[in-house]
> 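This structure is in structure tokens; I'll ask about it shortly.
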Amino acid sequence: AQSVTQLDSHVSVSEGTPVLLRCNYSSSYSPSLFWYVQHPNKGLQLLLKYTSAATLVKGINGFEAEFKKSETSFHLTKPSAHMSDAAEYFCVVSQNTGTASKLTFGTGTRLQVTL
Amino acid sequence: DGGITQSPKYLFRKEGQNVTLSCEQNLNHDAMYWYRQDPGQGLRLIYYSQIVNDFQKGDIAEGYSVSREKKESFPLTVTSAQKNPTAFYLCASSSVFGANYGYTFGSGTRLTVV
């Protein structure tokens, strides 16, 4: 079985300060991990993905995430927040079983960016 | 531009009615999925389809039905048996079944029971 826990349901940062959104996962197999972003009443957009290559993954809009197997974590970071980053972020895990697989979503972290 | 189109954007249903949500993709993706999103619960898988004329139940399939008669289309019917249908519904597709290749999401349909 696989699961993902987003440790904060809501994060508030000032514009220009760093962003940290935390995610821990559980998986019986080597996982693939993703971060998606959702703006209000919109679909989900893929920010970045880890699929057993480099452990530091760079995504769009200046975001990056580091896969730490020993800590079973995949935290999302950005050096400097922008107002347009305000959205909901989902950490997602998928098992690499070689057979049919599906995504398991975290419950989401709402990022608020203030002036 | 390739993508996924969901319609309508907003849908209102009376108690006891069936409604169908449309999902069309022009990405030539084999696999398609329906998710339900409720506040504070993330996304939950309703149904998925790996190929035409084949589909499988996800985690919360009760009260829903789907069809996959064409590669491009994967409509979802919310039946009167679904006890709490008010939610945001998202359709997605992938080139190969399995998340390693990434999913493309539509912009969603918000269903409200009135």
Side-chain angles (χ1 to χ4, degrees), chain A residues 1-10 21 23-25 27 29-53 57 59-60 65 67 74 87-110, chain B residues 3-11 21 23-25 27 30-51 54-61 87-112:
Chain A
Q2 59 189 24
S3 65
V4 59
T5 301
Q6 292 185 242
L7 299 166
D8 307 293
S9 60
H10 183 260
L21 305 184
C23 173
N24 288 115
Y25 70 91
S27 177
Y29 302 91
S30 298
S32 292
L33 294 158
F34 305 80
W35 276 98
Y36 282 86
V37 61
Q38 184 181 34
H39 290 90
N41 292 311
K42 300 290 186 183
L44 276 69
Q45 180 184 19
L46 180 66
L47 274 180
L48 50 81
K49 62 181 178 181
Y50 166 78
T51 55
S52 74
V57 181
I60 61 172
F67 174 71
F74 190 57
E88 185 138 23
Y89 292 79
F90 292 94
C91 183
V92 183
V93 64
S94 175
Q95 291 182 186
N96 293 340
T97 63
T99 59
S101 61
K102 64 179 192 275
L103 302 180
T104 299
F105 286 78
T107 53
T109 298
R110 183 164 298 279
Chain B
I4 296 181
T5 301
Q6 289 188 243
S7 61
K9 191 173 179 64
Y10 298 96
L11 186 58
L21 283 60
C23 178
E24 303 277 336
Q25 55 101 355
L27 300 164
D30 288 310
M32 297 186 73
Y33 317 80
W34 273 105
Y35 287 89
R36 170 181 171 138
Q37 186 177 23
D38 296 282
Q41 295 194 43
L43 275 68
R44 293 180 290 168
L45 182 65
I46 304 172
Y47 268 98
Y48 62 94
S49 169
Q50 298 183 62
I51 56 172
D54 179 72
F55 48 83
Q56 306 293 331
K57 292 181 178 180
D59 300 318
I60 56 165
F88 191 52
Y89 291 87
L90 286 161
C91 180
S93 69
S94 63
S95 57
V96 175
F97 185 76
N100 290 358
Y101 301 90
Y103 284 31
T104 300
F105 283 86
S107 56
T109 293
R110 187 166 295 281
L111 174 63
T112 303

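Order of the sequence lines sets the chain letters (A, B, ...), proteins ahead of strands, with each chain counted from 1.
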> Step by step, would you call B:L45 with B:Y33 a side chain to side chain contact (heavy atoms under 4.5 Å, CB included)?
CA-CA 7 Å; B:L45 182 65; B:Y33 317 80; 4.1 Å; yes

> Side chain, backbone, both or neither: which part of B:Y89 has a non-hydrogen atom closer than 4.5 Å to chain A?
neither

> Between chain B and each of A:G106, A:G43, A:G108, count heavy-atom pairs under 4.5 Å; write down the option with the most.
A:G43

> Check each atom of B:D38 against the heavy atoms of chain A and say whether the ones under 4.5 Å are side chain, backbone, both or neither.
neither

> Can you tell which part of A:Q38 gets under 4.5 Å to a heavy atom of chain B, answering side chain, backbone, both or neither?
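Only the side chain of A:Q38 comes within 4.5 Å of chain B.
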
> Considering only heavy atoms, which portion of B:Q37 lies under 4.5 Å from any heavy atom of chain A: side chain, backbone, both, or neither?
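Contact with chain A is through the side chain of B:Q37 alone.
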
> Of the options B:L21, B:L90, B:I60, which is the one that meets B:W34 in a side chain to side chain contact (heavy atoms under 4.5 Å, CB included)?
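Answer to the side chain to side chain contact (heavy atoms under 4.5 Å, CB included) test with B:W34 among B:L21, B:L90, B:I60: B:L21.
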
> Check for a donor-acceptor pair, side chain of A:T109 on one end and backbone N or O of A:D8 on the other, with a separation under 3.5 Å.
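Yes; judged by distance alone, with no hydrogens or angles, the pair exists.
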
> Donor-acceptor check, side chain of A:Q45 to backbone of A:V37, threshold 3.5 angstrom: yes or no?
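Answer holds: no.
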
> Indicate yes or no for a side-chain donor-acceptor contact from B:S49 to the backbone of B:D54 under 3.5 Å, with no hydrogens or angles considered.
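A pair under 3.5 Å: yes.
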
> Heavy-atom distances under 4.5 Å only: say whether B:L43 touches chain A with side chain, backbone, both or neither.
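Both backbone and side chain.
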
